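Letters A, B, ... mirror the listed sequences (proteins, then strands); counts begin at 1. Values reported hereafter were calculated over all heavy atoms of this structure, with side chains retained and with hydrogens, waters and symmetry mates removed. What you are looking at is a predicted structure, and each value in this text was computed from that prediction instead of being measured.
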There are 2 protein chains.
Amino acid sequence: MHLEVADRLREMIERGELIPGSKLIEKDLCQSFGVSRTPMREAIRVLAADGLVVLTPNRGASVATITEAQILDSFLVIGAMEGLAGELAAPRITDAQLDDIRAMHSAMLECRAADDLDGYYVYNRQIHDAIFDIADNALLKETRRIIFTRIIKLRFIARIAEDEWQIAIKEHEEMLVALEARNGPQLGAILRRHLESKRIQVARWLQRQSSI
Amino acid sequence: MHLEVADRLREMIERGELIPGSKLIEKDLCQSFGVSRTPMREAIRVLAADGLVVLTPNRGASVATITEAQILDSFLVIGAMEGLAGELAAPRITDAQLDDIRAMHSAMLECRAADDLDGYYVYNRQIHDAIFDIADNALLKETRRIIFTRIIKLRFIARIAEDEWQIAIKEHEEMLVALEARNGPQLGAILRRHLESKRIQVARWLQRQSSI
DNA sequence: GATCTTAATTTTGTATACATTATCCTGTAA
DNA sequence: TTACAGGATAATGTATACAAAATTAAGATC
């Protein structure tokens, strides 16, 4: 049960229903979840190990806060992960998998044409996920997942500038070329650059936010 | 208390006192630790989140096993981490920090001359740790620590072939050059290559082991 | 003797009771 | 009014009791 509770808590944190910094009162959560404190506490500790909540001795748990510096640090690490994933995936990709990615890429472009940002992000995410699947390194995928979870709240960077969007699309097209060439180092380099672009984009967005 | 218990359990697993695959019987562990089941269970779940133990519903916990493929996967991920750490550290390193690393490097060489393998590994590890400290990315450091913990049992790769040792020393000297030049991309590339060497070395060692 | 069934035991999972610590509120003194 | 002290309250931390599931052991059947 504690794993289900952990998942529900995780979702609540991701959705922003539990505000970063706020305390997690066991009794209240137990009531709303309909479980006793034992599984709830175990769930909270699982999330703590994932870095989603922080534990203070004798003072319980609170939703983890994330600083701008930590967000930018995360993008650096994710960049390294994506770069490695690209290196591994390119030499391994099958023609069928390549076709799948091409399809997702087209769908992504259509969303862009229709100015459907949500759809764009879904396909964008699918492409990156597919590369990690093809890379076939469970630890790599899991590590990236955990880091992503911690900064998932950045979904709300929905607004993307036109020029940034163009760069992203261009980089994705380069990715396709590297994949077709089965060129690992090349795809790795593109993905590192791609994530660095994203990181700069996030940095700018954070700048704007904090100056408001 | 559950964090202290988790640390003790972690040590026991690292020391090999708890054999991979063996079951963790709560009652027995509670007795030997002198705590009740509640903190023990919380500790076990913390280790599960770290990947050191695996939980099976209604069947409790057992010490995680690691396959050869997973070990090699881990080295790939660590390689990406070290590469990034090098990129970040080189442009940031101070003269004092550089002196420290030079000192560790000398001490490491002395250990090699004296054929003191344990000492060699201590200083080797210190140098790599220092680079991560200088890189100043807490997430990067923490991620690497967790992955290292999972494969820590590989300490027992104590035996290192002469030619492998020479290569490692040479790479470390290249690292010093890149650090002195404050050249991030260069240090990153060296570290990636260094870890790839290590990975190949481990792969060969695993091969030898399994063929016995 | 082997195998399936079933009961006994053990172990895990959950809830609750108790202990300890932190927090909050009230009242007093400056 | 503010600052501090002390107790009331509520929260966390721990231990234990109960429930459910799995494992083990014993017995019956073939």
Side-chain angles (χ1 to χ4, degrees), chain A residues 1-66 142 146 149-150, chain B residues 1-66 142 146 149-150:
Chain A
M1 168 152 303
H2 81 276
L3 288 175
E4 298 156 32
V5 174
D7 284 341
R8 285 185 61 187
L9 275 177
R10 207 191 313 268
E11 274 180 32
M12 288 178 72
I13 293 174
E14 288 177 16
R15 288 178 199 278
E17 295 169 28
L18 294 170
I19 301 155
S22 66
K23 284 202 59 174
L24 295 178
I25 307 295
E26 293 177 4
K27 190 169 65 70
D28 297 352
L29 291 171
C30 287
Q31 278 200 321
S32 72
F33 278 61
V35 298
S36 75
R37 283 179 60 211
T38 308
M40 177 59 69
R41 284 175 62 87
E42 291 177 354
I44 288 173
R45 271 138 192 82
V46 169
L47 295 189
D50 273 2
L52 249 64
V53 311
V54 291
L55 300 178
T56 314
N58 291 321
R59 290 163 78 166
S62 55
V63 182
T65 57
I66 188 164
E142 172 68 3
I146 291 176
T149 305
R150 282 158 104 155
Chain B
M1 168 151 304
H2 81 275
L3 288 176
E4 300 157 30
V5 174
D7 284 342
R8 286 184 61 186
L9 275 178
R10 206 191 313 269
E11 275 179 30
M12 288 177 72
I13 293 174
E14 288 177 14
R15 289 177 198 276
E17 296 169 28
L18 294 171
I19 301 156
S22 66
K23 283 202 61 174
L24 296 179
I25 307 296
E26 293 176 4
K27 189 169 66 68
D28 298 351
L29 290 172
C30 288
Q31 277 199 321
S32 72
F33 279 61
V35 298
S36 74
R37 283 180 59 212
T38 309
M40 176 60 69
R41 284 175 63 86
E42 291 176 355
I44 288 173
R45 270 139 192 82
V46 168
L47 295 190
D50 274 2
L52 250 62
V53 311
V54 291
L55 301 176
T56 314
N58 291 322
R59 289 186 179 188
S62 54
V63 181
T65 57
I66 187 164
E142 172 69 2
I146 291 175
T149 305
R150 282 158 104 155

Quiz item: Within this structure, what is the CD-to-C1' distance between A:Q31 and C:dT16, rounded to whole angstrom?
Solution: 15 Å
Quiz item: What is the distance, rounded to the nearest whole Å, between atom CZ of B:R41 and atom C1' of D:dG13?
Solution: 16 Å
All N/O donor-acceptor pairs, side-chain side in residues 30-40 of chain A, below 3.5 Å, sequence neighbours left out:
{"from": "A:S32", "atom 1": "OG", "to": "A:L29", "atom 2": "O", "distance (Å)": "3.2"}
{"from": "A:R37", "atom 1": "NE", "to": "A:E26", "atom 2": "OE1", "distance (Å)": "2.8"}
{"from": "A:R37", "atom 1": "NH2", "to": "A:E26", "atom 2": "OE1", "distance (Å)": "2.9"}

Quiz prompt | d(CD, A:E4; C1', C:dT14) in whole Å | solution = 13 Å
Self-check item: A:P39, nearest nucleotide to its side chain (from C:dT11, C:dA17, C:dT14)
Solution: C:dT14
Practice problem: Remember a base hit wins even if backbone is also touched, and classify B:L24 as base, sugar-phosphate or nothing at under 4.0 Å, heavy atoms. | Solution: sugar-phosphate
Exercise. Take B:H2 and A:K27, find for each the nucleotide of DNA chain D with the closest heavy atom, and name the residue whose nucleotide sits nearer the 5' end.
Key: A:K27
Practice problem: Check the distance between D:dT14's C1' and A:R45's CZ and give it to me in whole angstrom. | Solution: 11 Å
Self-check item: Residue whose nearest DNA chain D nucleotide is more 5′ - A:A61 or A:T38
Solution: A:A61
Quiz item: Is there a donor on the side chain of B:R59 or the base of C:dG13 sitting less than 3.5 Å from an acceptor on the other?
Solution: no
Self-check item: Heavy-atom closest contact (A:A43 atom, A:A6 atom, distance)
Solution: CB-N, 3.5 Å
Quiz item: If you fit an axis to the five pairs at each end of the helix from C:dG1-D:dC30 to C:dA30-D:dT1, how big is the angle between those two axes, to 10 degrees?
Solution: 10°
Quiz item: On DNA chain C, nearest-nucleotide positions of A:P57 versus A:E42: which is more 5'?
Solution: A:E42
Practice problem: Please report the shortest heavy-atom distance between A:D50 and A:I146, naming the atom on each side. | Solution: O-CG2, 4.0 Å
Self-check item: Atom-to-atom span, CD of A:E26 to C1' of C:dT14 - whole angstrom
Solution: 15 Å
Quiz item: Expressed in angstrom and rounded to an integer, what is the separation of A:M1 atom CE from C:dA15 atom C1'?
Solution: 11 Å
Quiz item: Between B:S36 and D:dT14, does any side-chain N or O lie under 4.0 Å from OP1 or OP2?
Solution: no
Quiz item: side chain to side chain contact (heavy atoms under 4.5 Å, CB included) with A:V63: which of A:L9, A:L47, A:L24?
Solution: A:L24
Quiz item: Looking at C:dT11, C:dA15, D:dT12, which one has an atom nearest to any side-chain atom of B:I25?
Solution: C:dT11
Practice problem: Return the minimal non-hydrogen interatomic distance between B:E42 and A:E42, and the atom names on each side. | Solution: CG-CG, 4.3 Å
Quiz item: Is A:V46 close to A:V5 at the side-chain level, that is, under 4.5 Å between some pair of heavy atoms?
Solution: no
Self-check item: Closest to side chain of B:N58, choosing from C:dT16, D:dA21, C:dT11
Solution: D:dA21
Quiz prompt | Rounded distance (Å) that lies between atom C1' of C:dG13 and atom CE of A:M40 | solution = 15 Å
Exercise. Heavy atoms only: give me the nearest B:T65-B:G21 pair and the separation to one decimal.
Key: CG2-N, 3.6 Å
Quiz prompt | Distance in angstrom units between A:L29 CG and D:dA11 P, rounded | solution = 11 Å
